[in-house]
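What follows is a short report on a single structure.
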Amino acid sequence: MVERNRWLRVLSHAVLILGVFVVAFPLYVTFVASTQTATEILQAPMSLWPGSHLIENYTAALQGTGMGAASNAPVGRMMMISMITALVIAIGKIAISLLSAFAIVYFRFPFRMFFFWAIFVTLMLPVEVRIGPTYSVVASLGMLNTYAGLTIPLIASATATFLFRQFFLTVPDELVEAARMDGAGPMRFFKDVLVPLSTTSIAALFVIQFIYGWNQYLWPLLVTTEETMYPVVIGIKRMISGGDAATDWNIVMATAVLAMIPPALVVILMQRWFVKGLVDTEK
Amino acid sequence: MASISLRDVVKRYRTGKTELQVIHSVNAEIAHGEFIVIVGPSGCGKSTLLRMVAGLEEISSGEISIGERVVNELEPAERDIAMVFQNYALYPHMTVFDNMAYGLKIKKVPIDEIKQRVDKAAGILELGHLLARKPRELSGGQRQRVAMGRAIVRQPQVFLFDEPLSNLDAKLRAQTRLEIQKLHRELGITSLFVTHDQVEAMTLAQRMIVMNAGNMEQFGTPEEVYSRPATTFVASFIGSPPMNLLKHAPGGRPGSLLGIRPEHLDMGTSGWALQVETVELLGAERLVHARLGDEQLIIRTHEDQGAPEIGSTIHVLPREDRLHWFDAETGKRQ
Amino acid sequence: MASISLRDVVKRYRTGKTELQVIHSVNAEIAHGEFIVIVGPSGCGKSTLLRMVAGLEEISSGEISIGERVVNELEPAERDIAMVFQNYALYPHMTVFDNMAYGLKIKKVPIDEIKQRVDKAAGILELGHLLARKPRELSGGQRQRVAMGRAIVRQPQVFLFDEPLSNLDAKLRAQTRLEIQKLHRELGITSLFVTHDQVEAMTLAQRMIVMNAGNMEQFGTPEEVYSRPATTFVASFIGSPPMNLLKHAPGGRPGSLLGIRPEHLDMGTSGWALQVETVELLGAERLVHARLGDEQLIIRTHEDQGAPEIGSTIHVLPREDRLHWFDAETGKRQ
Amino acid sequence: MASEKRVVFRSTWLPWVLLAPQVAVITIFFFWPAAQALLQSFQQSDAFGLSTEWVGLQNFENLLNDPSYLASFKITAIFSVLVASLGIGISLLLAVFADRVVKATLVYRTLLIWPYAVAPAVAGVLWLFMFAPSIGIVSYALRGLGFEWNHLLDSDHAMTLIVIAAVWKQISYNFLFFLAGLQSIPKSLIEAAAIDGAKPWRRFWSIQFPLLSPTTFFLFVINVVYAFFDTFAIVDAATEGGPGRDTAILVYKVYYDGFKALDLGGSAAQSVVLMVIVIALTIIQFRFVEKKVQY
Amino acid sequence: QTEIQWWHSMTGGLNDWVLDLANGFNSSQTEYKIVPTYKGTYDETMPAAVAAFRAGNAPHILQVFEVGTATMMAAKGAVVPVGKVLADAGYKFDPKAYIPAVVGYYTAPNGQMLSFPFNSSTTVFNYNKDLFTKAGLDPNQPPKTWPEVVLAAAKLKASGVACPFTTSWQGWTQLESFSTWHNTEFASQGNGFGGTSARLTVNSPLHVRHIENLSNMAKQGLFVYRGRGNKADASFYSGECAMATASSSTYASIKKNAKFEFGISTLPYYPDVAGAPQNTVIGGASLWVMGGKKPAEYKGVAAFFNYLTNAEIQAKSHQRTGYLPITLASFELTEKTGFYKENPGTDVAVNQMIRKTTDKSRGIRLGNFIQVRAIEDEELEQVWAGKKSAKEALDAIVSRGNEQLERFQKAN
Ligand SMILES: Nc1ncnc2c1ncn2[C@@H]1O[C@H](COP(=O)(O)OP(=O)(O)OP(=O)(O)O)[C@@H](O)[C@H]1O
Ligand SMILES: Nc1ncnc2c1ncn2[C@@H]1O[C@H](COP(=O)(O)OP(=O)(O)OP(=O)(O)O)[C@@H](O)[C@H]1O
Ligand SMILES: O=P(O)(O)OC[C@H](O)CO
Ligand SMILES: [Mg+2]
Ligand SMILES: [Mg+2]
């Protein structure tokens, strides 16, 4: 660093620790609540020390035997649905975006920019805004209660297409030329050179899209009419404020912690690539 | 090995509605196994010319043949050429081995043969111990050698080089120059080498093409180009420091420019009287910047001769047999 | 203007548990207004030394003074220096004017005076018409001039340059070198200039520091360094092509290396008998690469002398007064 | 960097094949439904779609005459600006300090990144849980400090609650971008400024911050869009638009009217309004990004 | 085996109950299989079903809260009246066997039962006996009238209770049920039973008086607002609030969570209002049969409903959940087993509902009721926050609510 100011270093740590405290506090509370009994939680103020019911609550959540969990779809099953859904969405988005970015950057054809724009506009058309008609389409295609229905409608991705386009534009032209000299055709170049070069962008996008897929709520609620196809976020919401039963916050919080683990692992384990991907492609 | 011939080669770029001609009817016959350097300032069209030979740019008009075949319509891969790029264009995610083998793999050369050819090229270029590395783990010079290796393994009829040394530092550049020469001697493959560095051009070329603004100004051996520059452009572009070009030299002819190289001006006690402006020491020699009337001159002397004082007047004698005369209008040699 | 003195300056980097010493006890006294060039191969510690003077790196031990003040503990801003970076480090979001004015604004110099000082510097550097542009709208050479302008307006006691020319092309580099010299003559500010290019070092330096692996190998005028290199390192680093260093020269002393520059070997009919390997033409002169026993030599001759044939045997006579002897072990001059 | 490739492949059919999957998905699942929504905005129908009547601009007129819809615009503007500016401000602050810390960056980053993994629907629940008037730990602590927290009746408290939840959820994302942006600023610029005499505070405002502006602008757009659309689950969980309608942002209202109150025509009309806003935002960002690319 | 889809909104223990019913039915025969699916809260399940219907994927049975009743009734082509389903399958349907206030609400003017009353609740008054004792109140003499509630609240507050009184479902308890309990019209046309031209009348002097009263309590800290829907229930479970008006279905949860003695009493009333107390209004949900299914499937639905009317199953459900018994037989059965004696207060809901209804107390059945409820919430919050007077808020409810009613009338 340029200057040797000691108190500035102390201040840096102080600010960061405070930031971490504020940011992590809700998560800590969630964890603590997941180790107590429902009644303990209701006694304001709730204790901030972990209680003794951790195993009990998590078992209940996982097996769906807790009062709060609605029965025959245990959290384990829902986590699996979430996992498959999130993976398909993330991988699918990346795959089709790679292809379309490749087409848009490396070819010249009529309406090229029109398609780019068309894709770009979808970036900000969230499902909530057109949920009814979209649902009708999915239903008439017979995709309710299928992984296809849970994933394909969410699989178009302006973000990914845009990011890949930006990245492809930074790939030196000479690489294409070298590949052409080596006798590689477009798809061969795509497979052998472009995709391997895009790994950091792919990793960054994987994180973003996995989390997007994992955190879906409204869409699965609509397209799944069978409990066996419920993802876990719905599992959490279903335990809260439904009907007349009191919320079993301990089980809710245990489920919330469980539901958080896979995406958090993805974020944390891939953060190096994530950050790198963000820098490399300049957004 | 093959000859190359360029016949009335023209390149135009169309950007929007405007058309820009960047290569003006170039003609050249290059023999089997020759080492040709294309030299010229930035933007003069060297790369464009080379890339037309490579098949990376379409030829607007004219004809290019390699060997007996007119290649105008052929894909780069079908022209049996190999190219070394300025920034090497190595595949960053492949090992050195894979970089060299890639073209062969695509051609479906049997893996044993690929191994053998890569090993041989690696041997020539002393890359044997680096085959498992990725390009980012190599130094600039090593990368450059890999780029050459990638070209060599292809055993092409023609080598194309687009400023392959410009990313190297001075020392490495000199060394790699020697290696390229050696390689060419050994393999004898027809080569086109682009550079904007005249020292590189002079040392490497068997014959050189000097280009300026899309025109071929001269095509000849380095000696010819140096001692009988065809135009004032060539005269001032080749040679460092450049040839002095004087409008009003003592004994000059009207409508002509007199050219004399800095090393052909001998300091003495008689001759032109000049005012010394600055003096630069370059190891074994000195460059004296001086003024003759309102014209600027450079004189190159040996360090032994002692440094003239700044501001003093010196006398120099141009060697009579080394004078060059150019038309002041067209710049053509007279 | 101020003198600079470096006393036992040492730099160590700590990475994890290991400590790496990159500067070994450098001592140097630089007078008011001197132009000093620090030269050496990549990684030898030139930038580190300069950055310690600038205050961008902590000094591990030893002492640096500027003028009368020991600056070890001062912030960069308090040292009254200005620095030109290799990549210029222009503020991309500011205009040329703002780039130059930034330091003055921080010092709260009145706006009128800022204007006047920037205008003056812009005048010197011929940047007047570019003041409203952003750096990205400038060519490499123009950016370089802005970086210099930013340093000049500060009117500091010391100028520091870290390879400021290395991003320019050869022609521009030569031209900018002259400008820097002119500037130094006019302003007379003590300057430290880092480069790894020996030509640059030779032309610019009043005195030069040659560094190698963190050690100061020699500190002297270019003439001294060239004609009396203190070590084999200096001998081979300065001069292009480098000095020939021979273990088994005819008439050599055991335990010593004989050094002789390529231009001090005269081709003739008697003397050492050499096998010619390659010949390079460099405009006015030729480099003959030849072999003496198992040792490689370079001879520099004038183009007039005609090129020896490759493979032939030639005879060269070393000039007796230009022989250098070095200790074979320590590399020190004997 | 150019925005076009000099070298392209030649093929008349391949690009279409490559584009086909993406274009198929957006056509079937984006544009077709969006067109349907547009159509619905000119119709009025009962919930089950048994009777449908063409009403022209009636739905839009209803919206314009509904003071609560207009109020919702204002609420949305306040909410978005608060979320975007606080989210950006806080994460910028954290990123700047994280950038200064040489050691332990990874530890801080790991801890700060974590909320990104939480679903908005769950984030709303978490914060509601902490601020719940009776059992909430934070409201309890506030009461202990003599501050009566009541987001159920106090609009400012309610707004504060959803802003906190929304900002919290977004900090990680912003933080990562800022950190990446800061680390890509050449170190020599900072050094040049230090030599020019700028102290850290000055250096930040005159060098780092301006150079981050593309990132900041990008994040601003992303955050506004986030505040506009992705926060409805938070509002739904935390305040349900209350007290009164004081936290009913536009997208919550679309969702509520269309999805809970089954007023399809009215909701579709609101969707159309939102789509127009979205497209405007898209164009602005697209322009800017393109410009930046040529930087 | 014919599968029959059943979408519902029951969570927690209630979800267990739903599953038990389905399992019970499924194992009682082999022809049909009931598949219950939780589709979110009441206000999420209904839109999901509507969307599903539009896409041709509606379930067979749909649980709809009472607020959605009018919307469902208006959707003639979308639903099949339960009466018809039962009759077609050959089951006898006798309205007399049901509790009048319950069946009346779900019956068309022509006497046909439109939907099947499943989990009907009503409004009751819960109180914390321990806090009563602490405040020097008689735990066995809960306040019966609003003036008594105010007095009790004051005493509770004096004894240090932070939240003397709260309410869940404020619109339902304080306006709707309040109206029928006082035999006062909530809306014209017999509270909407007479047709879609009904308009709100909740700004009557009695309503204003009550809301003003609550507003004053709020100002004095005697009434503490704890949120929309049933959010306030938690404050009662936790022992924070001493008195609460809530759904009778809170019984099971209080029993599970409360660490204190609690009592259930009737909804308070104003003794000076003629005809009060009348009967409270129905809440909870009923089961609707969706149209467009195969005859065999309707047979299965009918068989399931028939299974649900079994007195023993009814009685068990009632005792287990706190929801009302639907048939008189199940009420009598429960009484006979001594359940009410053992669990004092559990009969309060039934007693409130079992009375003979009047035109003003039969229930409230309005179009766009969901929006009307939301308007009630929004406006009442303004009162509790002190931003509007009771009169202003109630006027606003009437005018804004009537807009919704007009719109509904137009669309149907
Ligand atoms: N795609 C293009 N469209 C339009 N003009 C172009 C295009 N490519 C190159 N040019 C122009 O053609 C001219 C020749 O370019 P070329 O790259 O061949 O120069 P060069 O001699 O290789 O220069 P350098 O030494 O800088 O590489 C230049 O003026 C350049 O601006
Ligand atoms: N922060 C650091 N930590 C550890 N070692 C360092 C650090 N900075 C530089 N070095 C090492 O110190 C030595 C000197 O580096 P310096 O940058 O001064 O070299 P240089 O002479 O300027 O080289 P160049 O010509 O390549 O710029 C190098 O070996 C380098 O690897
Ligand atoms: O909580 P429940 O099931 O009694 O239902 C409550 C009513 O639906 C309120 O409208
Ligand atoms: Mg070029
Ligand atoms: Mg350096």
Side-chain angles (χ1 to χ4, degrees), chain A residues 2 8 12 15-16 19-20 23-24 26-27 29-30 42 44-46 96 99-100 102-103 105-109 115 118-126 128-130 133-134 137 153 155-156 169-170 173 176-177 186 211 215 217 233 236-237 240 256 260 263-264 267-268 271 275 278-279 283, chain D residues 1 5-9 14-15 18-19 21-22 25-26 28-30 32-34 36-37 94 97-98 100-101 108 110-119 121-122 125-126 130 134-135 137 140 171 176-177 180 184 190-191 194 218 225 229 232-233 251 254-255 271 274 278-279 281-282 286:
Chain A
V2 173
L8 208 56
S12 300
V15 168
L16 286 168
V20 165
V23 162
L27 301 167
V29 171
T30 310
L42 286 184
M46 182 189 107
I96 71 171
L99 292 177
S100 35
F102 179 54
V105 174
Y106 282 97
F107 291 88
R108 295 284 169 277
F109 54 94
F115 284 118
I119 295 169
F120 198 81
V121 164
T122 63
L123 173 62
M124 297 186 254
L125 269 187
E128 291 76 39
V129 175
R130 52 182 168 84
T134 313
V137 171
I155 227 166
L169 286 174
T170 66
D173 284 352
V176 192
E177 300 185 332
I211 287 181
N215 288 345
Y217 170 64
V233 173
I236 296 173
K237 278 284 288 191
I240 306 164
M260 217 182 282
V267 176
I268 287 165
Q271 63 168 309
V275 174
L278 298 181
V279 190
K283 276 67 84 180
Chain D
M1 179 173 51
K5 277 273 171 212
R6 176 166 53 100
V7 187
V8 295
F9 289 107
L14 189 56
L18 294 170
L19 269 180
Q22 177 99 293
V25 173
I26 61 169
I28 299 173
F29 298 109
F30 283 75
W32 176 244
Q36 296 277 302
L94 291 174
F97 283 108
R100 302 187 66 87
V101 171
Y108 288 125
T110 306
L111 289 171
L112 285 171
I113 220 173
W114 180 258
Y116 183 49
V118 180
V122 177
V125 172
L126 293 189
M130 297 204 307
S134 49
I135 59 170
I137 189 101
Y140 180 84
I171 279 183
L176 282 178
F177 272 91
S184 66
I190 310 295
E191 294 178 346
F218 166 83
V225 171
F229 296 118
F232 96 92
V251 72
V254 174
Y255 162 78
S271 299
L274 275 178
V278 161
I279 289 169
L281 277 173
T282 308
F286 188 85

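Source: prediction; values computed, not measured. A note on names: the letters A, B, ... follow the listed sequences, proteins ahead of strands, and every chain is numbered from 1.
Interface remark: of the candidates Val122(D), Ile26(D), Ile28(D), Ile26(D) forms the most heavy-atom pairs closer than 4.5 Å to chain A. Interface check for chain D: of the options Ala103(A), Ser12(A), Pro263(A), the most heavy-atom pairs under 4.5 Å are formed by Ser12(A). Of the listed residues Leu27(A), Leu16(A), Thr134(A), the one with more heavy-atom pairs under 4.5 angstrom with chain D than any other is Leu16(A). Heavy-atom pairs under 4.5 Å with chain D were tallied for Ala24(A), Ala256(A), Gly19(A), Ser100(A); the largest tally goes to Ser100(A).
Looking at Val105(A), both its backbone and its side chain come within 4.5 Å of chain D, counting heavy atoms on both sides. Both the backbone and the side chain of Val20(A) come within less than 4.5 Å of a heavy atom of chain D. For Leu14(D), the part sitting under 4.5 Å from any heavy atom of chain A is the side chain, from C-beta outward, and nothing else. Proximity to chain A is limited to the side chain of Ile137(D), based on heavy atoms less than 4.5 angstrom apart. Of the two parts of Phe115(A), only the side chain, counted from C-beta on, holds a non-hydrogen atom closer than 4.5 Å to a non-hydrogen atom of chain D.
By the side-chain hydrogen bond (donor to acceptor under 3.5 Å, both in side chains) test, Tyr108(D) is found to be paired with His13(A), residues two or more places apart in sequence or in another chain being considered. For Ala264(A), the side chain to side chain contact (heavy atoms under 4.5 Å, CB included) criterion is met by Trp114(D), Ala117(D), not counting sequence neighbours.
Separating the CG atom in Leu18(D) from the CZ atom in Phe107(A) is a distance of 5.5 Å, to the nearest 0.5 Å. Rounding to the nearest 0.5 Å gives a distance of 8.5 Å between OH of Tyr116(D) and CG of Asn215(A).
Ile96(A) and Gln22(D) make their closest contact through CD1-OE1, 3.1 Å (heavy atoms, listed as atom of the first residue, atom of the second, distance).
Side-chain contact check for Val176(A) versus Phe9(D): some heavy-atom pair is nearer than 4.5 Å.
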